[in-house]
Amino acid sequence: LKPCWLKSWSHNLTHRPEPQKPTARRARMSMSLGPHPVGVKFWTSLWRENKDFPYSQIHTKFENWYGHAFHRKFGRYFYAHRAGALGITAPLVVFAVGFKVATMYYGTLRDLGAATESAKAYGTGGYKTNPTPK
């Protein structure tokens, strides 16, 4: 499968145009190029549509376009819930809290095991034991 932006101009990579009669304008070029994949019209139309607006308005317009395009493409991967504006962070918070609890549990078991092994090595009864009378 080819990406959709590649389909429109990929035929130019294998298809050679017929040689044309040299004119004054074509004589300057040493080779013929295929059309640009995005095209100059795209960039000039962006400029034409936005040149008369202030930056804040252009930025807002772009944010709206990007937000809609992003959610149309990737919206299916988001957690569906009604948690408000910060609701998208809910899966991250749940993961962080779960990770914290798991690491604390592992650390507690590790330290208890280390204390037991240390007590065996030094001949003491372990943690919080009465000292040996002298």
For residues 50-61, which side-chain donor-acceptor pairs fall under 3.5 Å, sequence neighbours excluded?
residue : atom : partner : partner atom : Å
N50     : OD1  : K61     : NZ           : 2.9
N50     : ND2  : L46     : O            : 3.0
H59     : NE2  : E63     : OE2          : 3.4
T60     : OG1  : S56     : O            : 2.8

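For residues 93-116, no residue pair satisfies the side chain to side chain donor-acceptor pair (under 3.5 Å) rule, not counting sequence neighbours.
Relative ring orientation between F62 and W65 is described as tilted, the plane-to-plane angle lying within the 30° to 60° band.
Contact between H68 and N64 at its shortest, heavy atoms only, is ND1-O, 2.6 Å.
The CG atom of L112 sits 12.0 Å away from the CD atom of E117 when rounded to the nearest 0.5 Å. Atoms CH2 and CZ, from W43 and R48 in turn, are 14.0 Å apart once rounded to the nearest 0.5 Å.
For W47, there are no ring pair (Phe, Tyr, Trp, His ring centres under 6.0 Å) partners at least two apart in sequence or on another chain.
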